[in-house]
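I am attaching a structure below and will ask some questions about it afterwards.
In what follows, chains are A, B, ... by sequence order, proteins preceding strands, each numbered from 1.
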Amino acid sequence: GQQLNQSPQSMFIQEGEDVSMNCTSSSIFNTWLWYKQDPGEGPVLLIALYKAGELTSNGRLTAQFGITRKDSFLNISASIPSDVGIYFCAGRTQGGSEKLVFGKGTKLTVNP
Amino acid sequence: DVKVTQSSRYLVKRTGEKVFLECVQDMDHENMFWYRQDPGLGLRLIYFSYDVKMKEKGDIPEGYSVSREKKERFSLILESASTNQTSMYLCASTTRGWGAAGYTFGSGTRLTVV
């Protein structure tokens, strides 16, 4: 199936640092989503993006829908210990499929 | 609060057993999905369903089957469990055409096959 290339695979940072992760694809997407999965839980939606170039914030999180429609990034500012988890990007293709395509995730560790 | 509920958080089963993983959603969603999650491999789609009694294979359906007799319930069946099916299983649902919320996930079932 289709794939999203998500990087980095893992990050180890100090509390207070900023974090950036991104997803790229060879296909065009009309929706990009970012999820966070806390340890032992299911993923929870953080931010949804629906238009090319769109920049959306949710507290300390900022995400952008790339202008080419083939990429997206997520930034976390001033990280805190509860930011620990796995972050997934997900996209929906132009064909309007009911299925999401997921990246493999970025595992974030925050050292206090 | 809307919910996707997976019946078990942890399961331990023996090789060869038939295993049922249950998922129930209370949002009247048409679409339901089963994923497995393994370290380094992300979320891989096993099966999905667009409506009652309807099912379609995902990317890794081998060794699994599903049942959707009622709109709110989507069951994943491991016909004869094997050790390579030890994994975290996640159920998700969404309304047809999606809306703004994307998928809603359950909390997962961590299955160990011994």
Side-chain angles (χ1 to χ4, degrees), chain A residues 1-11 21 23-25 29-51 54 56 58 63 65 72 74 85-109, chain B residues 1-10 21 23-25 27 29-51 54-61 88-111:
Chain A
Q2 288 180 301
Q3 286 189 332
L4 292 179
N5 299 309
Q6 185 172 351
S7 64
Q9 276 191 322
S10 61
M11 302 182 76
M21 59 192 79
C23 272
T24 61
S25 172
F29 287 85
N30 63 8
T31 303
W32 283 94
L33 304 171
W34 285 92
Y35 285 86
K36 183 195 177 193
Q37 184 179 28
D38 288 329
E41 299 293 332
V44 173
L45 183 66
L46 295 174
I47 292 179
L49 302 158
Y50 300 102
K51 289 167 51 177
E54 181 180 356
T56 297
N58 179 5
F65 191 144
S72 177
L74 174 70
I86 302 175
Y87 293 79
F88 290 99
C89 63
R92 188 184 186 193
T93 59
Q94 277 193 316
S97 169
E98 299 290 329
K99 292 184 291 180
L100 280 173
V101 180
F102 284 90
K104 292 186 177 181
T106 296
K107 186 174 183 179
L108 180 63
T109 302
Chain B
D1 200 13
V2 295
K3 275 194 173 175
V4 176
T5 303
Q6 294 185 231
S7 53
S8 304
R9 293 297 297 270
Y10 300 94
L21 303 183
C23 175
V24 177
Q25 49 94 6
M27 297 166 283
H29 283 171
E30 291 83 9
N31 302 327
M32 297 187 75
F33 306 84
W34 275 106
Y35 288 86
R36 67 176 281 177
Q37 181 180 16
D38 301 287
L41 299 179
L43 302 174
R44 292 183 291 168
L45 182 63
I46 304 171
Y47 267 97
F48 59 101
S49 170
Y50 292 154
D51 208 340
M54 179 276 172
K55 60 186 178 184
E56 287 196 26
K57 294 179 180 179
D59 299 319
I60 52 163
M88 173 73 135
Y89 290 87
L90 289 164
C91 175
S93 73
T94 186
T95 189
R96 184 169 295 139
W98 267 44
Y103 288 10
T104 301
F105 282 89
S107 295
T109 296
R110 186 164 292 282
L111 173 67

Nearest non-hydrogen partners of B/Thr109 and B/Leu21, listed with the distance: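 Looks like CG2-CD2, 3.9 Å.
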Side-chain (A/Gln6) to main-chain (A/Tyr87) donor-acceptor, under 3.5 angstrom: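 Yes, A/Gln6 side chain to A/Tyr87 backbone: donor-acceptor pair under 3.5 Å.
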Answer with side chain, backbone, both or neither: which region of B/Gln37 has an atom nearer than 4.5 Å to a non-hydrogen atom of chain A?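 Contact with chain A involves the side chain of B/Gln37 alone.
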State which residues pass ring-ring contact (aromatic ring centres under 6.0 Å, His included) with B/Tyr47; sequence neighbours excluded, sorted by chain then number.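 ring-ring contact (aromatic ring centres under 6.0 Å, His included) list for B/Tyr47, sorted by chain: empty.
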Contact origin within A/Gln37 toward chain B - heavy atom pairs under 4.5 Å: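 When you check distances to chain B, only side chain atoms of A/Gln37 fall under 4.5 Å.
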For the rings on B/Tyr103 and A/Tyr35, is their centre-to-centre separation under 6.0 Å?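 No; A/Tyr35 has its ring centre 6.0 Å or more from that of B/Tyr103.
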With a 4.5 angstrom heavy-atom cut-off, which part of B/Arg9 approaches chain A: side chain, backbone, both or neither?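 For B/Arg9, side-chain heavy atoms alone lie under 4.5 Å from chain A.
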